[in-house]
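Everything below concerns the one structure shown next.
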Amino acid sequence: MDKNATLYNFTQQMQGQIFFAAFKTNLSADVQAEWQNRPPLMNLKRGYAESPAWVLVQALEFAPDPLTVERFRKRAVYSSPSLTQALLEIMASEQLFDRIGDTYHLTDKGQAEADKITSQRLVAFEGFEPIPHEQIAELEKYLSQIIEASLQADISTWCLEHSHNRAPASDAPLLAKIIQYGSDLNAFRDDAHMTAFGEYDVLGHVWEAFSYIKSEQANKASELYEKLSYRGFYTEDWQSALDDLVTRGWITEDDTYYRVTEEGIKIAEDVEQKTNHYFYAPWDVLSDDDYQKLIDLMQAISQAYRDLIAQPTA
């Protein structure tokens, strides 16, 4: 398997598969119901970076330091400052945070809700081994080597360092560690990608607008707002982003529609190439044979997930 976006996506798919399989097959119905019985606020924008659930994850990664809008957005660069502020404020209104100046501190209630995220990753994997233990141990070994090498990368590892703050204890189930490595890889991919497009001195939401124009997911400001309203930017913000991109020569306007230019295509290809280079450079810590073993193990556990979920329930 080539070292590109497809492989990275597979690491994230594997992480989700492992957790879902453990949740569905290793926990009683009562425990599953208890975990799913969350405060209504925690279901807001579920699955997005602009969600209360992700805010709590960030609070754990920054602990014991408090959250601020600026700290949250250093990784969530596509999110608007105003929406981030609103999220923190509404969570404070629910007594999950207490605000002191411009800093947001977890309350006891907020800490208890955040701790559920940590406990889920431990309880779900007690006694759960969808492939032989020896293979799980080998998979954990290879991934841990990649993460340790990534922490020593030549680019900023700010996102990875904070993600790694949530690493489980040494005696935690091996799959709990592997799940965290998936989160760490996601964070380091952010480090690599932000470094790559950051070399062009472009704001996060402007880069996202460019990506949508290039991939033809949108071709005007109103469509960007329609597709990306969850980011907290409005039509006028997206229009300003498009104006910036036209000035750069990356896109051009044609009868109120925007399309990528040849220069823009070159920029996009350069950023993609650099993202993959920065992200995969630490993987060279593995020999060719070990790299292939890692791929084989990832595919084996992914297949085990499909076999488990395909089994009829009693």
Side-chain angles (χ1 to χ4, degrees), residues 1-19 47-50 53-63 65 67 70-79 117-118 121 139-168 172 174-200 202 204 207-208 211 268 270-287 290-291 293-295 297-298 301-302:
M1 185 177 292
D2 292 335
K3 295 176 181 177
N4 53 28
T6 300
L7 174 54
Y8 162 71
N9 290 336
F10 183 47
T11 69
Q12 301 307 290
Q13 174 187 330
M14 180 192 70
Q15 179 196 35
Q17 288 174 332
I18 293 171
F19 188 82
Y48 290 104
E50 300 79 7
W54 183 245
V55 170
L56 286 183
V57 169
Q58 292 303 287
L60 290 172
E61 292 187 0
F62 278 103
D65 295 328
L67 271 181
E70 291 73 23
R71 286 173 180 165
F72 182 84
R73 292 192 67 251
K74 186 161 183 178
R75 179 172 180 187
V77 293
Y78 299 151
S79 308
I117 299 172
T118 301
R121 291 189 169 193
L139 176 59
E140 190 275 334
K141 179 188 69 174
Y142 292 141
L143 290 174
S144 68
Q145 289 175 351
I146 291 172
I147 296 303
E148 288 303 317
S150 298
L151 285 164
Q152 305 302 318
D154 293 334
I155 64 170
S156 169
T157 58
W158 192 90
C159 298
L160 173 57
E161 289 169 17
H162 285 86
S163 174
H164 204 56
N165 284 340
R166 293 199 295 138
L174 291 178
L175 284 177
K177 297 179 182 180
I178 289 172
I179 285 289
Q180 180 57 43
Y181 296 148
S183 296
D184 289 345
L185 289 172
N186 173 260
F188 188 57
R189 186 74 176 184
D190 286 346
D191 283 322
H193 192 52
M194 287 190 289
T195 297
F197 75 71
E199 293 175 10
Y200 289 95
V202 57
W207 178 260
E208 187 165 39
S211 298
D270 180 60
V271 168
E272 181 179 5
Q273 181 181 23
K274 287 180 176 176
T275 297
N276 286 330
H277 171 71
Y278 296 146
F279 180 72
Y280 286 112
W283 291 51
D284 288 344
V285 71
L286 301 181
S287 67
D290 286 346
Y291 172 72
K293 289 179 184 177
L294 168 64
I295 299 302
L297 290 166
M298 290 172 57
I301 205 166
S302 180

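Residue numbers run from 1 in the order of the sequence given.
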So, taking the atom named CH2 in Trp283 and the one named CG in Leu294, what distance separates them when rounded to the nearest 0.5 Å? 5.5 Å

Could you check Asn165 against Leu60 for side chain to side chain contact (heavy atoms under 4.5 Å, CB included), going step by step and ending with a plain yes or no? CA-CA 8 Å; Asn165 284 340; Leu60 290 172; over 6 Å; no

What is the minimum heavy-atom distance between His193 and Trp207, and which atoms define it? NE2-NE1, 3.3 Å

Report yes if some heavy atom in the side chain of Thr11 is under 4.5 Å from a heavy atom in the side chain of Met298; otherwise report no. yes

Which heavy atom of Cys159 sits nearest a heavy atom of Met194, and at what distance? SG-CE, 3.4 Å

Interatomic distance, Phe62 atom CZ to Arg71 atom CZ [nearest 0.5 angstrom]: 6.5 Å

What's the shortest heavy-atom distance between Leu185 and Phe279, and which atoms? O-CE1, 3.4 Å

Spatial distance of atom OG (Ser302) from atom CE (Met14) [nearest 0.5 Å]: 8.5 Å

To the nearest 0.5 Å, what is the distance between NE2 on His277 and OG1 on Thr195? 11.0 Å

Salt bridge (charged side-chain N to carboxylate O under 4.0 Å, His left out): which pairs involve residues 143-168, sequence neighbours left out? Glu61-Arg166

Could you name each residue pair satisfying salt bridge (charged side-chain N to carboxylate O under 4.0 Å, His left out) that touches residues 176-192, not counting sequence neighbours? Arg75-Asp190

So which heavy atom on Ile117 is nearest to which on Ala53, and how close? CD1-O, 4.2 Å

Under 3.5 Å, which donor-acceptor pairs do the side chains of residues 140-147 form with other protein atoms, sequence neighbours left out?
residue, atom, partner, partner atom, Å
Glu140, OE2, Tyr181, OH, 2.6
Tyr142, OH, Glu138, OE2, 3.1
Tyr142, OH, Asp290, OD1, 3.2
Ser144, OG, Glu140, O, 3.2
Ser144, OG, Lys141, O, 2.8

Around atom OH of Tyr48, are there more than 12 heavy atoms of other residues, nucleotides or ligands at under 6.0 Å? no

Got more than 12 heavy atoms from elsewhere within 6.0 Å of CD, Gln273? no

Please name the pair of heavy atoms, one in Ala5 and one in Asn276, separated by the smallest distance, quoted to 0.1 Å. N-OD1, 3.7 Å

Kindly determine whether Asn186 and Tyr8 satisfy side chain to side chain contact (heavy atoms under 4.5 Å, CB included), including the steps that lead there. CA-CA 8 Å; Asn186 173 260; Tyr8 162 71; 2.8 Å; yes

Residues that Ala268 engages under side-chain contact (heavy atoms from CB on, under 4.5 Å), provided they are two or more places apart: Phe210, Lys214

So, the side chain of Gln15 versus the backbone of Gln180: is there a donor-acceptor pair under 3.5 Å, distance only? no

Quick one: side-chain contact (heavy atoms from CB on, under 4.5 Å) partners of Lys74, sequence neighbours excluded? Trp158

Donor-acceptor pair between Tyr291 and Asp284 side chains, under 3.5 angstrom: no

Heavy-atom pair of closest approach, residues Tyr280 and Leu7: OH-CB, 3.3 Å

So how far is it from Phe188 CZ to Ser183 OG, rounded to the nearest 0.5 Å? 15.5 Å

Taking side-chain hydrogen bond (donor to acceptor under 3.5 Å, both in side chains) as the test, write out the residues that go with Tyr78, two or more places apart. none

Determine whether Leu175 and Ile301 satisfy the following criterion, side chain to side chain contact (heavy atoms under 4.5 Å, CB included), listing intermediate values before the conclusion. CA-CA 11 Å; Leu175 284 177; Ile301 205 166; 3.8 Å; yes

Answer whether the closest heavy-atom distance between the side chains of Thr275 and Phe197 falls below 4.5 Å. no

